[in-house]
Amino acid sequence: MVLLPADRMDSLFSPRCMWVNGPIIVGAGPSGLAVAACLREQGVPYVMLERADCIASLWQKRTYDCLKLNSNKTFSQLPRMPFPDHYPEYPTRRQFIDYLEDYVAAFEIKPEFNTTVRSARYDETSGLWRVGSTTTSGDVMEYIGRWLVVATGVNAETVVPDIPGLDGFEGNVTHVSDYKSGEAYRGQRVLVVGCGNSGMDVSLDLCDHGARPAIVVRDAVYREVLRKSTFELPMLLMRWLSLWLADKLMVLLAGKVELRTPALEHGALVRIHAGDIDVVPEVKGFGKGGRVEFADGRVLAFDAVVLATGYRSNVAQWLQLNDFFNKDGYPKTVFPHGWKGPSGLYTAGFTRRFGFSGANADAVRIAKDLGNIWREETNDLW
């Protein structure tokens with residue numbers, strides 16, 4: 001990596017630019033770190049750009065205190081370094097962050113922090129990627145190189161649903177990225193919008209801190225799965241289905257619940273069955289006085305709302321003139337072939353596979369591909 005002085009740059013370069021002798025990695029989350037570690041193993045240099053002031057900013061700054069990994073250690077560890085033996089099967093948020101910090105130290109990963117990528121485009125004339133960035137101090141820099149690795153992942157930006165009246169809700173409205181603990185909601189009636197892993201975790205945490213949560217579950221079948229006990233549900237299914245089909249469906253539903261909401265293992269189902277967590281249908285709109293209208297016609301009052309409505313990719317906002325990603329910021333080519341695009345473009349962490357298994361596979365493939373190119377070109381020089 002060489003910083004070229006302005007008086008030696010030709011028309012290709014902007015007044016402030018840096019030539020990168022290797023790939024430019026955008027994102028210092030688990031996917032980007034995995035790519036960096038695998039590249040180091042291949043002997044390939046790189047530059048890593050990260051908009052936050054730390055690695056894995058989602059885990060460090062936008063997660064709640066009670067969070068645990070929803071996949072076990074086998075599916076959650078990054079390439080070339082297992083979790084410590086003393087870690088539990090499902091590591092806590094703090095344990096995972098410590099693991100990532102150790103990972104960075106072990107593979108000598110040094111991101112350029114506080115650097116936000118504003119644009120990235122492939123210059124057909126030069127055959128190079130031009131990545132424009134700004135720092136928190138206002139410095140502008142353009143990184144130029146032959147390869148670009150997009151590792152910003154699927155959780156770059158929060159998703160806030162467009163629900164009538166939400167902006168005028170009189171109570172506190174918080175996205176789950178800003179939720180830390182149920183202690184602040186003690187004694188309050190809290191509506192949790194979203195029934196994925198975060199929604200279940202938060203609902204249980206609210207219960208544990210003396211709040212009264214209700215969780216929005218739009219899918220009618222899934223609502224019944226949550227409301228019925230493991231003894232009631234088969235009996236319900238057998239009213240309409242044969243014993244054989246009911247048994248097969250129970251297996252499928254059990255798998256669906258286990259994968260979508262691992263928090264159930266920690267007691268959310270028990271609290272739902274006990275009536276400590278209400279299950280409500282889709283929200284139609286928010287009214288005055290904290291009132292919320294639901295799809296079944298009920299109107300209930302709440303003191304606060306937690307939006308467990310997830311995140312989305314932000315690639316479409318900065319990756320320019322590229323047809324490899326769709327409008328939602330995901331590679332159009334599905335796993336396991338979405339890791340490599342045209343013109344030296346690579347992606348890691350967009351597979352949405354269980355745990356980090358997809359991101360790990362991407363990282364290994366990317367590093368192997370670039371390692372082969374690097375060795376061939378190095379040998380040609382000699």
Side-chain angles (χ1 to χ4, degrees), residues 70 158-177 179 182 185 188-208 211-241 246 249-250 252-312:
N70 59 27
T158 58
V159 172
V160 177
D162 184 16
I163 304 175
L166 179 60
D167 290 344
F169 182 74
E170 296 175 10
N172 182 44
V173 178
T174 304
H175 190 274
V176 72
S177 61
Y179 177 94
Y185 299 88
Q188 296 184 28
R189 181 84 168 134
V190 185
L191 179 65
V192 179
V193 181
C195 63
N197 296 324
S198 296
M200 286 291 173
D201 277 344
V202 167
S203 296
L204 180 58
D205 187 57
L206 287 165
C207 270
D208 290 342
R212 293 168 294 156
I215 186 168
V216 174
V217 181
R218 294 189 298 176
D219 186 282
V221 174
Y222 192 36
R223 281 202 300 276
E224 288 305 309
V225 171
L226 293 176
R227 283 173 173 156
K228 301 295 182 182
S229 71
T230 54
F231 299 102
E232 292 176 297
L233 189 58
M235 300 304 296
L236 179 68
L237 292 175
M238 283 188 291
R239 291 183 185 178
W240 302 285
L241 305 174
L249 188 56
M250 277 298 297
L252 289 173
L253 289 174
K256 179 179 180 183
V257 171
E258 181 179 359
L259 290 177
R260 288 183 60 185
T261 58
L264 296 180
E265 298 177 7
H266 308 305
L269 253 187
V270 174
R271 305 301 285 270
I272 289 172
H273 295 158
D276 298 328
I277 301 174
D278 293 335
V279 178
V280 294
E282 185 174 7
V283 176
K284 288 187 63 177
F286 290 84
K288 294 182 178 181
R291 292 180 177 83
V292 182
E293 182 181 1
F294 296 94
D296 60 1
R298 283 186 293 168
V299 177
L300 303 174
F302 292 90
D303 302 299
V305 175
V306 177
L307 300 174
T309 45
Y311 302 85
R312 61 177 175 80

Practice task
Walk me through it: do Val292 and Val280 pass the test side chain to side chain contact (heavy atoms under 4.5 Å, CB included)?
Solution key: CA-CA 11 Å; Val292 182; Val280 294; over 6 Å; no

About how many Å separate [atom2] of [Y] and [atom1] of [X], when rounded to the nearest 0.5 Å?
X      : Y      : atom1 : atom2 : value
Asp278 : Ser203 : CG    : OG    : 10.0 Å
Glu293 : Arg298 : CD    : CZ    : 11.5 Å
Ile163 : Glu282 : CD1   : CD    : 8.0 Å
Asp276 : Cys207 : CG    : SG    : 5.0 Å
Leu206 : Arg189 : CG    : CZ    : 11.0 Å
Leu307 : Thr158 : CG    : OG1   : 9.0 Å

Give a yes or no answer on whether the side chain of [X] reaches the backbone of [Y] with a donor-acceptor pair at less than 3.5 Å.
X      : Y      : result
Gln188 : Ala211 : no
Thr309 : Val159 : yes
Asp205 : Gly182 : yes
His273 : Ala268 : no

Where [X] and [Y] come nearest, the two heavy atoms and their spacing:
X      : Y      : result
Val279 : Val217 : CG1-CG2, 3.8 Å
Pro161 : Leu166 : O-CD2, 3.8 Å
Ala295 : Pro281 : N-CG, 4.2 Å
Cys195 : Ile215 : CA-CD1, 3.8 Å
Ser177 : Tyr311 : CB-OH, 3.3 Å

Exercise for the section: Kindly determine whether Phe302 and Val192 satisfy side chain to side chain contact (heavy atoms under 4.5 Å, CB included), including the steps that lead there. Expected result: CA-CA 10 Å; Phe302 292 90; Val192 179; over 6 Å; no

Problem - Student check: side-chain heavy atoms of Arg271 and Asp208 closer than 4.5 Å - result: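 Yes. Closest side-chain heavy atoms under 4.5 Å.
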
Practice task
Find out whether Leu300 and Leu191 are in side-chain contact, i.e. whether some heavy atom of one side chain is under 4.5 Å from a heavy atom of the other.
Solution key: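 They are not in side-chain contact.
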
Practice task
State whether the number of non-hydrogen atoms from other residues, nucleotides or ligands found under 6.0 Å of Arg291 atom CZ is greater than 12.
Solution key: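 Counting neighbours around CZ of Arg291, 12 or fewer heavy atoms of other residues, nucleotides or ligands fall under 6.0 Å, so no.
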
Exercise for the section: Report the relative orientation of the aromatic rings in Tyr179 and Tyr185; use parallel for angles under 30°, tilted for 30 to 60°, perpendicular for over 60°. Expected result: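 If you compare the ring of Tyr179 with that of Tyr185, the planes turn out parallel.
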
Practice task
Report the residues that fulfil ring-ring contact (aromatic ring centres under 6.0 Å, His included) with Phe294, sequence neighbours left out, ordered by chain and then residue number.
Solution key: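 Partners of Phe294 by the ring-ring contact (aromatic ring centres under 6.0 Å, His included) criterion come out as none, since no residue qualifies.
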
